[in-house]
Amino acid sequence: MGAKNFWLMKSEPTAYSFEQLKSEVDQTAEWDGVRNYQARNLLRDEIKVDDEVLFYHSNAKPTGVVGTATVVRSGYPDFTAWDPSSDHPAPKSTEDNPIWFMVDIKAGVTFKRIVTLKEIRSNDLLKDMVLVNNSRLSVQPVTKSEFDIILGMSGTTID
DNA sequence: GCCAACGTTGGC
DNA sequence: GCCAACGTTGGC
């Protein structure tokens with residue numbers, strides 16, 4: 001068994017917020033709708049059960065990390081792709097030959113205070129984060145140290 | 001709402 | 001395989 005890895009997942013809170021995740025049964029949801037190959041590769045191949053996730057609100061006021069989540073199911077085909085009534089239909093992906101993948105995540109801790117993108121950008125220890133350098137990737141790797149620094153900045157303790 | 005940065009598509 | 005046109009993301 002490999003070591004635990006760390007990720008950052010973005011969502012526009014008007015589309016799907018951390019509060020919505022927390023209100024789900026078991027506080028667990030399918031992370032569907034990702035339609036970017038780089039992010040898909042991570043979802044399909046790299047993101048494993050028990051990995052930790054920073055939940056980031058994009059296009060929000062303010063933008064930033066609002067909490068954590070844990071991966072509870074590793075990559076499997078995103079069946080919303082071949083559902084024409086879904087929010088993200090992608091008919092080239094079929095049940096027999098899926099293109100897009102998703103994982104399931106469960107809400108973890110809610111940050112006492114949001115760690116804003118501005119704060120992340122101004123912290124020299126976080127200058128190599130993908131978020132700072134390739135802001136468009138919606139699922140991205142973070143290091144354990146980056147994860148711990150952001151958790152620390154949130155003033156939140158895990159007991 | 002604007003627009004820069006980036007990803008995807010498709011003509012050649 | 002190149003690259004122009006187009007679409008999307010997401011900060012501001």
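Quick note on labels: first sequence line is chain A, next is B, and so on, each numbered from 1.
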Legend entry - Separation of C:dT9 C1' from A:Tyr16 OH (nearest whole Å): 21 Å
Legend entry - Atom-to-atom span, OH of A:Tyr37 to C1' of B:dT8 - whole angstrom: 9 Å
Legend entry - A:Gln38, nearest nucleotide to its side chain (from B:dG7, C:dG11, C:dG10): B:dG7
Legend entry - Residue-phosphate contact under 4.0 Å: A:Tyr56 side-chain N/O, C:dG11 OP1/OP2: yes
Legend entry - Integer-rounded Å distance: B:dG1 P and A:Lys61 NZ: 12 Å
Legend entry - Protein-nucleotide distance (A:Arg136, atom CZ; C:dG7, atom P), rounded to Å: 14 Å
Legend entry - For atom CG of A:Asn133 and atom P of C:dG10, their distance in whole Å: 15 Å
Inset, instruction - Using whole Å, report how far CZ of A:Arg35 lies from C1' of B:dT9. - result: 18 Å
Inset, instruction - Using the test salt bridge (Lys or Arg N to Asp or Glu O under 4.0 Å), find all partners of A:Glu119 that sit at least two apart in sequence or belong to another chain. - result: A:Arg113
Inset, instruction - Tell me, yes or no, whether the heavy-atom count around A:Glu19 atom CD, taken from other residues, nucleotides or ligands under 6.0 Å, exceeds 12. - result: yes
Legend entry - Nearest-angstrom distance from the residue atom CG of A:Asn134 to P of C:dT8: 18 Å
Legend entry - Residue whose nearest DNA chain B nucleotide is more 5′ - A:Asn59 or A:Asn36: A:Asn59
Inset, instruction - Let me know the distance between CE of A:Met9 and C1' of C:dG10, rounded to the nearest Å. - result: 19 Å
Inset, instruction - Output, in order, the C-alpha distance, side-chain angles, deciding distance and verdict of side-chain contact (heavy atoms from CB on, under 4.5 Å) for A:Thr80 and A:Asp87. - result: CA-CA 8 Å; A:Thr80 69; A:Asp87 290 337; over 6 Å; no
Inset, instruction - Can you measure from CG (A:Leu151) to OG1 (A:Thr68) and round to the nearest 0.5 angstrom? - result: 7.0 Å
